[in-house]
2 protein chains.
Amino acid sequence: MPTVTLHLLFAGFGHVGRRFAALLVESRDALAALNIEPVIVGIVTRRHGGVFDVAGLDANKVAQGLAEGDALGPASVPSTLEWIARLRSQGAEARVLVETTPLDVRSGEPAIGHVRAAIAAGMHVITANKGPVAFAHRTLAAEAAAAGVSFLFEGAVMDGIPVFNLVRETLPAVRIDGFRGVVNSTTNEILTAMEKGERFDDALARMQEAGVAEADPSLDVDGWDAAAKAAALANVLLDAGTTPLAVAREGIAPTLEPRAQAALRAGRRLKLVAHGRRSASGVTTCVELQELQADDPLAIVDGQANALELDTWPTGRIVITQRDGGLEKTAYALLSDLVTVAIRIRHGAPGL
Amino acid sequence: MPTVTLHLLFAGFGHVGRRFAALLVESRDALAALNIEPVIVGIVTRRHGGVFDVAGLDANKVAQGLAEGDALGPASVPSTLEWIARLRSQGAEARVLVETTPLDVRSGEPAIGHVRAAIAAGMHVITANKGPVAFAHRTLAAEAAAAGVSFLFEGAVMDGIPVFNLVRETLPAVRIDGFRGVVNSTTNEILTAMEKGERFDDALARMQEAGVAEADPSLDVDGWDAAAKAAALANVLLDAGTTPLAVAREGIAPTLEPRAQAALRAGRRLKLVAHGRRSASGVTTCVELQELQADDPLAIVDGQANALELDTWPTGRIVITQRDGGLEKTAYALLSDLVTVAIRIRHGAPGL
């Protein structure tokens, strides 16, 4: 089995990007067993500059420097788009963009621009960013197919556990009729806290301190994050061609405290559920509050866990549950996508 | 993408085999889209004779005839092993044994013999039978690798939803440290019935009437079926090299009625749990009664649902739940295995 060498350009180097770089080192033996050799040739950030070395960077040393307050390079550095062009001119064989920049969940940018430029430059793309798949899956997938490259995003929705891979790699010839999931940790933890009598604001502050909630809390509590994930799932699993802006969206608010507690007393759980369904008139995609029976697989999801139920033919309802979610786990999704890229290159079908 | 034609020999043609044959017809378009063409060239049964036609059989017509009491062929027919040899001499390009014979769960036969003979004859094997993987996974996998053929068994444990495919295809470079699951429907339904005050014997009779329980109820209630599934999971996921005979095994009995009811009153569920774990001293594999917290993902599994939790690094605890299990669904597992065989042949890596 010939070794596949993959040259990686990181766009964004925050928690997920740094954890992915560390995971590449920790998984060195497993990757070697698969005859996959990743080489990090560039790291570009929005605020800390960028660094590039076609011979390979020690990303963990870079991460350490950043943690100690170093900049990556001169204050005025080329943009991610310029780095993509520069990498292209280097002519490395298999080039992969690792996109983990901070997302504007209302526009999908700047990630969409990065993904599009990378595909146009003949690069494969792996991303933990939900923007591109939530806003532009159909066009980006078509552009990737035309360019003969992969566009993969396993980490966009479920913090590292297989969702898109599950359907693509293990459920051939299965029809997906719908899905429903608990996919946003912040709103889920706040709902659980309110059931127990904790105040909404206290629970939210706790989530922000723990780094779970977004800095702008409206992205979580107003249902934007869940809507982006619902759009991503609907686009990939149901070919919805939708965007988060078109998803019927509910959020959570302090006024829900009595409702959450009343539901619990009645043996139910109040959950923010992202769901999508195929019907004769098209695909409907929603984020809404639902009171679930206590033994519903989505009702038992607490803390940073998340769960997704797929309604399928002929395999019925299948649920995949991540009991130990978190940003850190998302790094694994990038690793699994990287392995998929390598396997496709080996099979001579990079764009499948 | 060139079409892969697969010549199928059915060993066993009961509920699962017949449902699989029907599913091949129902999934004709989906298989055609994958450029996969299955041709059923032989069906061998233990009691109803066998039929063979290298040009292809209409298996659904055969199933209809059997349902109306026809025999497949003359009373004295060649054995499955002779049919395998006969198919070999026909020289069909890609030959697949579809093994769904009734299992002696205490020996793994006759399935192991069929699988071994097929591999030796250069045939791929897909099976919903837990015997071969529970008793002889390591040797059969080695024999298949040496022969350059696939040995796949997705339907052996979880009624059609991906378990082995999940790990193999979507969790590259992940380490599995352990598993625990509710994998036997009969014992699970009887435990649930006893919680509600139904008598053990009544519940068992109901399961047998519905065709869920084995004809010999001891295979279910004494934990043999769960032990075989635990051994299969331990062999594949933890490389345990064990057999069902070596699995520490508990079953269920009418005397559990008060315990099941007391657990429920205390907010817990009494479940028969199959589990395995890797440790410094090797792999331990057990089937035992456990009182689970009500919000445990295994506790909410009722009816014909089943669930498996994998303890993994770096992805934490992942649970896959089949909410609508049943023998019928197992047929899909055979279909997914068939697709895997075709994809491997296309990639020139049939034995991976």
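So that the names make sense, note that chain A is the first sequence line, chain B the second, and so on, each numbered from 1.
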Given Thr170(A), which of Ile320(B), Val163(B), Asn165(B) fulfils the side-chain contact (heavy atoms from CB on, under 4.5 Å) condition? Asn165(B)
Could you pull out the closest heavy-atom pair between Pro314(A) and Leu23(B), with the gap in Å?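 So the minimum-distance heavy-atom pair works out to CG-CD1, 3.9 Å.
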Provide the closest heavy-atom pair for Gly160(B) versus Thr315(A) in the form atom of the first, atom of the second, distance.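 Taking every non-hydrogen atom into account, O-CG2, 4.0 Å.
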Among Asp296(B), Thr312(B), Leu171(B), Ile161(B), which residue has the highest count of heavy-atom pairs closer than 4.5 Å to chain A? Leu171(B)
Top of Lys329(B), Arg175(B), Arg323(B) for chain A proximity - count of heavy-atom pairs under 4.5 angstrom: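 Of the candidates given, the most pairs with chain A belong to Arg323(B).
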Can you tell me how far the [atom1] atom of [X] sits from the [atom2] atom of [Y], to the nearest 0.5 Å?
X         : Y         : atom1 : atom2 : result
Asp295(B) : Asp302(A) : CG    : CG    : 6.5 Å
Glu309(B) : Thr321(A) : CD    : OG1   : 9.0 Å
Ile343(A) : His347(B) : CD1   : NE2   : 10.0 Å

With a 3.5 Å distance limit and no angle check, can you tell me whether Asp324(B) reaches the backbone of Arg317(A) through a side-chain donor-acceptor pair? yes
I'd like to know which of Ser27(A), Pro297(A), Ala173(A), Ala30(A) tops the heavy-atom pair count under 4.5 Å against chain B. Pro297(A)
Residue, of Ala333(A), Gly325(A), Gly316(A), that accumulates the most heavy atom pairs under 4.5 Å with chain B: Gly316(A)
Side chain, backbone, both or neither: which part of Leu335(B) has a heavy atom under 4.5 Å from chain A?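 Just the side chain, heavy atoms under 4.5 Å.
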